[in-house]
Protein chains: 2
Amino acid sequence: MSLPHAILTALLEKPSSGLELTRRFDRSIGYFWSSTHQQIYRELGRLEQSGHIRALPSEVPARGQKKEYEVLPAGRAELTEWVAAREDPKPVRDALLLRMRAAAVVGTAGLRAELERHLALHRRQLEEYRSIEERHFPPERDAEEDRLRHLVLRGGIDMERFWIEWLTQALKELAELEARPAGA
Amino acid sequence: MSLPHAILTALLEKPSSGLELTRRFDRSIGYFWSSTHQQIYRELGRLEQSGHIRALPSEVPARGQKKEYEVLPAGRAELTEWVAAREDPKPVRDALLLRMRAAAVVGTAGLRAELERHLALHRRQLEEYRSIEERHFPPERDAEEDRLRHLVLRGGIDMERFWIEWLTQALKELAELEARPAGA
DNA sequence: CAGGCCATGTAAAAGGTTACATGATTCG
DNA sequence: CGAATCATGTAACCTTTTACATGGCCTG
């Protein structure tokens, strides 16, 4: 429901070709709305069809040739509207919480390694966000755009912190349970 | 990828009919893996086909008749394996963070009301979780199952707290930006 | 016996994932 | 000129969402 909006945002930040967009969906925008090149090309086609974006004129419009897109007024209007739209948060759907609940029924065998693996992944992601924060948002800057983008990044940072804390708790809990096996 | 596992977990906790499962996916299990009755019926069919669950024998196997399912050994084995499986966390895909980023480009008009609405929703969800915590997990209990399920619930609680904090920050930031409009 | 709810489904469309295809450019 | 890489796509499939369909049971 929001991939077109993610693309419009990315293109307003900087007109790009499909592949450039794909790369930015592997970092930047993609930290909050992930996508693949297949989806992106499909959506670029749709957005062009519907008059929200257009391909910048090029001499050689053929397969394998780079095509740059820019946002048209209709696209900007659509995005502006979406920012204020009424749209409920999606219900949580998290496989790891679910697995923990399954473990409560069928046992925790093998779970610890997986929790530790996830913990390491989230620590790495946190480090990445923090390094971006250092590079892009030094204390003195405060242009409007920067403040909002920094806020988004802080959301990512605190989300990772949440997982790190929860996983740490979970591992502690698991250690206690395994210390007195089979029904205390 | 995990709906079948969610259903297996729910059925192990208590054998149920499709509609009973649907109700439990509106609370309980559904707090961490949401689903609708259409998906649930389809998946029950598949799980029965593949020999992971079976319908309890009934006199009147007809449309409109209640059908209860229970988990078979193969289903339990599948779930046990999944608990320890290697499965990476899904990349974040959050519309509100994305909208904030869009707002950095097209402006924040109308955003405040929406943030406040989300804040209220998350506060309500937090209250719901906390009331469940009071009812289901009083301090003295510590059976293995309860400890793990409590851990899952605390995950939900801290997730809501994260959103409440972030939204509070966001509203503060917005107020500051609006206090000195158009490029300060 | 009408209306509402219980209960189980079907169908279609949209969104997302995975695998594969194809032309253009560059570099050794 | 062969291989790698850039760049754009197609196709098939699976999951999720939304809308609708159907029959049974209960209650006034």
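We name chains A, B, ... by the order of the sequence lines, and we start the count at 1 in each one.
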Separation of [N] [atom2] from [X] [atom1] (nearest whole Å):
| X | N | atom1 | atom2 | answer |
| --- | --- | --- | --- | --- |
| B:His37 | C:dA11 | NE2 | C1' | 12 Å |
| B:Leu44 | C:dG9 | CG | C1' | 12 Å |
| A:Ile40 | C:dT17 | CD1 | C1' | 13 Å |
| B:Gln39 | C:dG15 | CD | C1' | 13 Å |
| B:Lys67 | D:dG24 | NZ | P | 15 Å |
| A:Glu48 | D:dT8 | CD | P | 12 Å |

Assess whether a salt bridge exists between [X] and [Y], defined as any Lys/Arg side-chain N lying under 4.0 Å from an Asp/Glu carboxylate O.
| X | Y | result |
| --- | --- | --- |
| A:Arg112 | A:Glu116 | yes |
| A:Asp158 | A:Arg161 | yes |
| B:Arg46 | B:Glu43 | yes |

Distance below 4.0 Å between [X] side-chain N/O and [N] OP1 or OP2:
| X | N | value |
| --- | --- | --- |
| A:Gln38 | C:dG16 | no |
| A:Ser17 | D:dT8 | yes |
| A:Arg42 | C:dG16 | no |
| B:Tyr41 | C:dG9 | no |

- Task: Classify the nucleic acid contact of A:Ser35 as base, sugar-phosphate or nothing, counting any heavy atom under 4.0 Å across all strands shown.
- Result: nothing

- Query: For residues 89-101 of chain A, which residues have at least one heavy atom under 4.0 Å from DNA chain D?
  - Reply: A:Lys90, A:Arg93

Just list the side-chain donor-acceptor pairs under 3.5 Å for residues 119-128 of chain B, sequence neighbours left out, or say none.
| residue | atom | partner | partner atom | Å |
| --- | --- | --- | --- | --- |
| B:His122 | ND1 | B:Glu160 | OE1 | 2.6 |
| B:Glu128 | OE2 | B:Tyr31 | OH | 2.3 |

- Measure from the side-chain N and O atoms of A:Arg101 to the backbone N and O of B:Val152, and report whether any donor-acceptor pair falls under 3.5 Å. no

- Query: Does B:Trp166 use its side chain to pair, donor to acceptor, with the backbone of A:Arg154 at less than 3.5 Å?
  - Reply: no

- Query: Between B:Glu20 and A:Leu3, which is nearer to the 5' end of DNA chain C once each is assigned its nearest nucleotide?
  - Reply: B:Glu20

- Task: Assign each of A:Arg46 and B:Gly18 to its nearest nucleotide of DNA chain C by heavy atoms, then name whichever residue's nucleotide is nearer the 5' end.
- Result: B:Gly18

Run the side-chain donor-acceptor check on residues 77-95 of chain A: report pairs under 3.5 Å with partners two or more places apart or on a different chain.
| residue | atom | partner | partner atom | Å |
| --- | --- | --- | --- | --- |
| A:Glu78 | OE2 | A:His5 | NE2 | 3.0 |
| A:Thr80 | OG1 | A:Arg76 | O | 2.7 |
| A:Trp82 | NE1 | A:Glu87 | OE1 | 3.0 |
| A:Asp88 | OD1 | B:Arg117 | NH1 | 2.7 |
| A:Asp88 | OD1 | B:Arg117 | NH2 | 3.1 |
| A:Arg93 | NE | B:Ser34 | O | 3.1 |
| A:Arg93 | NH2 | B:Ser34 | O | 2.8 |
| A:Arg93 | NH2 | B:Ser34 | OG | 3.4 |
| A:Asp94 | OD2 | A:Leu96 | N | 3.0 |
| A:Asp94 | OD2 | A:Leu97 | N | 2.9 |

- Consider the side chain of A:Arg23, meaning its heavy atoms from C-beta on, and name the nucleotide among D:dA7, D:dT18, D:dG9 that approaches it most closely. D:dA7

- Task: Check every atom of C:dC6, D:dT17, D:dC6 against the side chain of B:Leu19 and return the nucleotide holding the closest atom.
- Result: C:dC6

